[in-house]
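I'd like to ask you about the structure that follows.
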Amino acid sequence: MKKDNKRERLFYLDFVRAIAVILILFTHYNAVYVFGVESPQIHKCLFFEYPFGIYIGDLGVSLFLIISGAALMHVYNERIDLKKFYIKRFIAIYPMFWIAYIVAVLPRLESFLRLDINKLRFLLTAIGLDGYFAEYGAGFYVLGEWFLGFIVLFYIIFPLLRYLIKKNEIVTWVVIGVLYVVVLKYYDMNMSITKCIFVRLPELCFGMSFVKRNFKVKKLILPLLILGLIANAITKPPFMTSIQTTYVGVSFFIVLVYISRYLKYNWILRICEFLTKYSYAIFLTHHVIIEYIQAAFDMTNLTVIKNYMLFVIVVTIVLIVSVILQSASDGVCAMCKTYYYNIFRRNTDV
């Protein structure tokens, strides 16, 4: 029997994912000062809210998309068994999501049951797509956000994208470019353009091509990219946010890949491996935890020092809960695997 694809661990994949996790934590902690008050208080945001001229959340999502494409291509560059691929994606997403959802919804279960919403809408919740389709009606959304639904869709089409890029990479990129331009110009849907798969294909497929070609970042290109990022932050060009997110995300990714060469210290390796291992659990838990904790404080009147202290407390709780969630999910998956293995063995013995 052939074993599942095994690949050497690439540090830059862990490093970029760790940076993306940190950016998303800042994004949702700072959101109360950007969207949660009548008058935005950007000056109270931790560190920065618009690095390189784009919203920090957009930058974090862009890095996640690029790294998602890169990580999958790293594993499935040579071959892909579709059945195993989809089973592994299902196991990687849904058990943990369902456990986290049940825990998060229990305190508000009674109010949920009284909601005047078509109960069939819960099917979208169960498969993690309610946040993605939030513009098309109220649902039972609690956690996961639109990004979870987007990643589910990406996993569905990844084998096709992989085939096209490996079959004829240049033609595929020409088609991606045409779709990108046409959709940006004529997009007219209720759904935010940020969620549109055709607008995010350049980021996803850049990560895939980056790994496929085993691209090496040249030292000469680094100053140009850094100057470009600084220029974008200073000039704030009048381009669409989606366009800026694309080139800023790709540029920052390349810069991080280069920087990662010089950061292979044991303590950094361990931090990045930890954040990578628990990144999905952190993604599922952090938003709800941040909301609960911030609701207990008068965020608009916190001093700078107390604000940073609260952020450290929030992150600590998020990490603890994420480790527990990951362990619970692993335990449930192991139990199910043992159960079905025993059933299969019993049937074959008969």
Side-chain angles (χ1 to χ4, degrees), residues 15-37 39-68 131 143-148 150-151 192-195 199-200 202-204 206-207 225-226 228-257 259-260 271-272 275-276 279-280 282-291 293-294 299-300 302 304 307-308 310-315 318-319 322:
F15 179 66
V16 176
R17 191 182 298 276
I19 296 296
V21 168
I22 293 170
L23 291 178
I24 294 302
L25 286 172
F26 279 126
T27 297
H28 288 122
Y29 185 88
N30 288 336
V32 67
Y33 297 120
V34 182
F35 309 108
V37 290
S39 300
Q41 298 175 308
I42 305 298
H43 63 283
K44 288 196 173 184
C45 292
L46 302 189
F47 292 103
F48 40 73
E49 196 60 14
Y50 290 89
F52 313 125
I54 66 171
Y55 181 51
I56 187 173
D58 292 336
L59 181 59
V61 168
S62 183
L63 290 181
F64 265 124
L65 294 180
I66 296 171
I67 206 67
S68 295
L143 77 167
E145 304 174 56
W146 70 267
F147 188 73
L148 175 60
F150 184 93
I151 285 298
S192 169
I193 196 171
T194 301
K195 303 179 182 179
V199 174
R200 310 318 293 251
E203 293 153 295
L204 294 166
F206 173 79
L225 293 175
I226 293 175
L229 291 171
I230 295 173
N232 204 76
I234 295 174
T235 61
K236 297 179 175 59
F239 306 142
M240 291 179 64
T241 300
S242 294
I243 296 176
Q244 293 188 59
T245 299
T246 301
Y247 67 72
V248 168
V250 169
S251 299
F252 191 46
F253 172 83
I254 295 174
V255 171
L256 291 176
V257 171
I259 292 174
S260 68
I271 291 175
C272 292
L275 291 177
T276 293
S279 60
Y280 181 49
I282 292 170
F283 165 71
L284 291 177
T285 60
H286 79 282
H287 205 173
V288 174
I289 292 174
I290 288 173
E291 285 184 351
I293 294 178
Q294 287 186 336
M299 297 299 296
T300 58
L302 281 184
V304 173
N307 206 10
Y308 278 95
L310 183 60
F311 178 73
V312 171
I313 293 172
V314 166
V315 171
V318 167
L319 295 181
S322 298

Open item on the list: Within the 4.5 Å heavy-atom criterion, are N232 and Y247 side-chain neighbours or not?
Closed with: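 Yes, close enough: below the 4.5 Å cut-off.
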
Task: Under 3.5 Å donor-acceptor, S251 side chain and V248 backbone - done: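 No; judged by distance alone, with no hydrogens or angles, the pair does not exist.
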
- [ ] Provide the closest heavy-atom pair for P202 versus V199 in the form atom of the first, atom of the second, distance.
- [x]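 Answer, listing the atom of P202 first, then V199: CD-O, 3.5 Å.
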
- [ ] Kindly give the heavy-atom pair with the smallest separation between R17 and S279, and that separation in Å.
- [x]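 R17 and S279 have their closest heavy atoms at CD-OG, 3.6 Å.
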
Open item on the list: Quick check: do I66 and V16 have side-chain heavy atoms less than 4.5 Å from each other?
Closed with: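 No, every pair of side-chain atoms sits at 4.5 Å or beyond.
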
TODO: May I ask you to test the L25-I282 pair for a side-chain heavy-atom distance under 4.5 Å?
DONE: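 They are in side-chain contact.
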
Open item on the list: How long is the straight-line distance from CG of L59 back to CD1 of I24, given to the nearest 0.5 Å?
Closed with: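 Going from the CD1 atom of I24 to the CG atom of L59 covers 8.5 Å.
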
- [ ] Evaluate the criterion side-chain contact (heavy atoms from CB on, under 4.5 Å) for residue pair F150 and V61; output intermediate values, then yes/no.
- [x] CA-CA 11 Å; F150 184 93; V61 168; over 6 Å; no

Open item on the list: Any heavy-atom pair between the side chains of L310 and M299 that's under 4.5 Å?
Closed with: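 M299 reaches L310 side chain to side chain.
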
- [ ] Indicate the ring-plane relationship of F283 and H286, choosing parallel, tilted or perpendicular according to the 30° and 60° boundaries.
- [x]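 Rings of F283 and H286: tilted, 30 to 60°.
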
Task: Spatial distance of atom OH (Y50) from atom CG (D58) [nearest 0.5 Å] - done: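 It is 8.5 Å, given to the nearest 0.5 Å.
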
Open item on the list: Does either side chain, that of T285 or that of S322, offer a donor lying less than 3.5 Å from an acceptor on the other one?
Closed with: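 Result is yes, a qualifying pair exists.
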
Open item on the list: Parallel, tilted or perpendicular, judged at 30° and 60°: which one describes the rings of F35 and Y55?
Closed with: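 Judged by the thresholds at 30° and 60°, the geometry between F35 and Y55 is perpendicular.
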
TODO: Assert yes or no for the condition that the ring centre distance of Y308 to F47 is strictly below 6.0 Å.
DONE: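 Centroid distance Y308-F47: below 6.0 Å, so yes.
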
Open item on the list: Within the structure provided, determine whether F64 and V21 are in side-chain contact (heavy-atom separation under 4.5 Å).
Closed with: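 Side chain of F64 against side chain of V21, heavy atoms only: contact under 4.5 Å found.
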
TODO: Evaluate side-chain contact (heavy atoms from CB on, under 4.5 Å) for L65 paired with F147, printing each intermediate quantity in order.
DONE: CA-CA 9 Å; L65 294 180; F147 188 73; 3.4 Å; yes

Open item on the list: Quick one, T246 and F239 - any side-chain contact, counting heavy atoms below 4.5 Å?
Closed with: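 No. Closest side-chain heavy atoms not under 4.5 Å.
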
Task: Any I67 side-chain heavy atom under 4.5 Å of L63 side chain - done: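 No - every pair of side-chain heavy atoms lies 4.5 Å or more apart.
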
- [ ] Please work out whether the ring planes of Y29 and F311 are parallel, tilted or perpendicular, with thresholds of 30° and 60°.
- [x]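 Perpendicular, since the angle between the ring planes exceeds 60°.
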
Task: OG on S192 to CH2 on W146, rounded to 0.5 Å - done: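 Between W146 CH2 and S192 OG, I get 7.5 Å after rounding to 0.5 Å.
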
Task: Closest non-hydrogen atom pair, T245 against I54 - done: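 That closest heavy-atom pairing would be CA-CD1, 4.1 Å.
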
Task: The single option from T27, L46, V34 passing side-chain contact (heavy atoms from CB on, under 4.5 Å) against I56 - done: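 In the set T27, L46, V34, the residue that makes a side-chain contact (heavy atoms from CB on, under 4.5 Å) with I56 is T27.
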
Open item on the list: Tell me the closest heavy-atom pair linking T194 and R200, and the distance in Å.
Closed with: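 Nearest pair, atom of T194 first, then R200: O-NH1, 2.9 Å.
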
Task: Distance in Å, I290 CD1 paired with N30 CG, rounded so as to fall on 0.5 Å steps - done: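 Result: 9.0 Å between the selected atoms.
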
Task: Spatial distance of atom CD1 (I19) from atom SG (C272) [nearest 0.5 Å] - done: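 If I round to the nearest 0.5 Å, the distance is 7.0 Å.
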
TODO: Look up atom CD in E203 and atom OG in S242, then write down how far apart they are to the nearest 0.5 Å.
DONE: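 The distance works out to 8.5 Å.
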
